[in-house]
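Keep in mind it's a predicted model, so treat the numbers as computed, not measured. Protein chains get the first letters and strands the later ones, always in sequence-line order, with residue 1 at the start of each.
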Protein chains: 2
Amino acid sequence: MHSEAVASRSAEHRDSRESRNGSTPHLDAVSLAIIQQLQEDGRRPYAAIGKAVGLSEAAVRQRVQKLLDQGVMQIVAVTDPLTVGFRRQAMVGINVEGDVESIADALTDMAEVEYVVMTAGSYDILAEIVCEDDDHLLDVINKRIRALPGVRSTESFVYLKLKKQTYMWGTR
Amino acid sequence: MHSEAVASRSAEHRDSRESRNGSTPHLDAVSLAIIQQLQEDGRRPYAAIGKAVGLSEAAVRQRVQKLLDQGVMQIVAVTDPLTVGFRRQAMVGINVEGDVESIADALTDMAEVEYVVMTAGSYDILAEIVCEDDDHLLDVINKRIRALPGVRSTESFVYLKLKKQTYMWGTR
DNA sequence: GCCAGGGCTGCGGAATCCGCAGATCTCACT
DNA sequence: AGTGAGATCTGCGGATTCCGCAGCCCTGGC
């Protein structure tokens with residue numbers, strides 16, 4: 001059981017080296033396994049994770065810290081905003097003329113905007129907005145988003161009910 | 001400083017009593033503050049949270065456990081799927097005839113569907129899909145979603161770039 | 001008035017976290 | 001080849017945290 005552990009470790013080394021070439025740092029199998037563990041339970045002890053992925057407690061700790069520092073993952077509490085007092089949410093589809101990315105950056109800077117993604121299809125950008133009430137939502141969409149230079153049009157989808165919200169990819 | 005702590009604690013008691021009337025268990029100010037702490041760092045020690053919200057370590061622990069048990073929040077690692085090997089993501093807008101909720105439930109049961117929300121606007125449902133490649137994505141949309149009885153039409157938005165993804169509401 | 005239930009505190013033992021030193025491996029450069 | 005820098009893993013204490021439990025307080029119902 002000792003030899004195979006060593007073998008797999010050296011394999012990981014190779015993977016992590018190769019990966020650092022790409023701009024998006026690829027992840028080796030061990031880091032993926034660690035992330036998977038933390039997707040099941042963000043507070044799982046490092047020792048338990050180490051046992052599951054075949055690493056020492058300290059090594060897991062160092063890897064997790066690095067993943068957090070690099071921004072590859074974040075360990076956070078997630079809720080349904082509706083149960084936490086934010087009464088109005090909406091997805092907004094946006095069409096842009098000119099530089100899409102600069103508009104996306106402007107949206108990113110807004111506190112009420114939780115989620116920004118550039119897309120292919122009949123919208124250039126999809127943005128999710130979390131607000132306290134209708135007035136707040138209206139204000140963000142009409143006064144702030146539509147006011148951005150380059151925004152050609154927007155279409156809103158007000159949330160009625162959140163049915164599913166998971167973070168378990170890789171677990172399947 | 002002692003008296004005010006006691007005062008605020010009894011106030012919370014009232015809040016939590018009132019709230020349990022509603023079907024969606026409302027949260028008192030202290031639980032919100034705890035969630036807020038854990039939205040900043042899902043691994044923050046209970047003692048540190050207790051100091052921040054004015055509760056003992058044990059009380060925070062009990063509240064967190066309850067919030068998890070009730071499903072009000074989950075503490076998990078979240079990533080950008082693109083960096084974790086899922087090459088294709090899309091948001092799908094769906095129009096339904098008949099019972100919207102049953103369609104939403106069917107989507108919820110699909111492993112590739114990460115996010116389902118019922119909306120007002122030109123779609124009845126928005127669903128986010130996470131796949132490994134184009135074939136997989138095509139299969140889910142055309143073979144599985146469109147095959148659901150009651151789905152009238154779908155429109156897809158393939159993700160090009162994730163710009164923002166936060167879980168910090170309440171922190172502002 | 002009294003009891004049941006929920007929530008908080010304080011406490012002690014077990015488990016976990018955390019920093020550090022040393023070992024190993026790889027890669028680049030001479 | 002040889003060497004040195006860099007990255008990663010392991011092992012080990014000491015400090016911190018987690019966890020279950022007993023006791024107390026407050027509230028609401030009988």
Open item on the list: Per the side-chain hydrogen bond (donor to acceptor under 3.5 Å, both in side chains) rule, what does the pair list look like for residues 117-126 of chain A, sequence neighbours excluded?
Closed with: A/Ser122-B/Glu155, A/Tyr123-A/Glu155

Can you sort out the partners of [X] under side-chain contact (heavy atoms from CB on, under 4.5 Å), two or more places apart, ordered by chain and number?
X	result
A/Lys161	A/Lys163, B/Glu101, B/Met118
A/Arg61	A/Tyr46, A/Glu57, A/Ala58
A/Arg146	A/Ile141, A/Asn142, A/Thr154

Take atom [atom1] of [X] and atom [atom2] of [N], then tell me their distance rounded to the nearest Å.
X	N	atom1	atom2	answer
A/Arg44	C/dA15	CZ	P	18 Å
A/Gln70	D/dA7	CD	P	12 Å
A/Asp28	C/dT26	CG	P	15 Å
A/Gln65	D/dA7	CD	C1'	16 Å
B/Leu55	C/dG7	CG	C1'	9 Å
B/Ile75	D/dC18	CD1	P	11 Å

TODO: Side chain of B/Arg63 only, please: which of D/dT10, C/dC8, C/dT9 is the nearest?
DONE: C/dC8

Open item on the list: Below the 4.0 Å mark, does D/dT8 have OP1 or OP2 next to a side-chain nitrogen or oxygen of A/Lys66?
Closed with: yes

Show each protein N/O and nucleotides 12-17 of chain D N/O combination with a separation under 3.5 Å, one pair to a line.
none

Task: Charged N-O contact under 4.0 Å between A/Arg63 and A/Asp28 - done: yes

Open item on the list: Taking salt bridge (Lys or Arg N to Asp or Glu O under 4.0 Å) as the definition, give me every residue that meets it alongside B/Asp134, ordered by chain and number, with sequence neighbours left out.
Closed with: B/Arg88

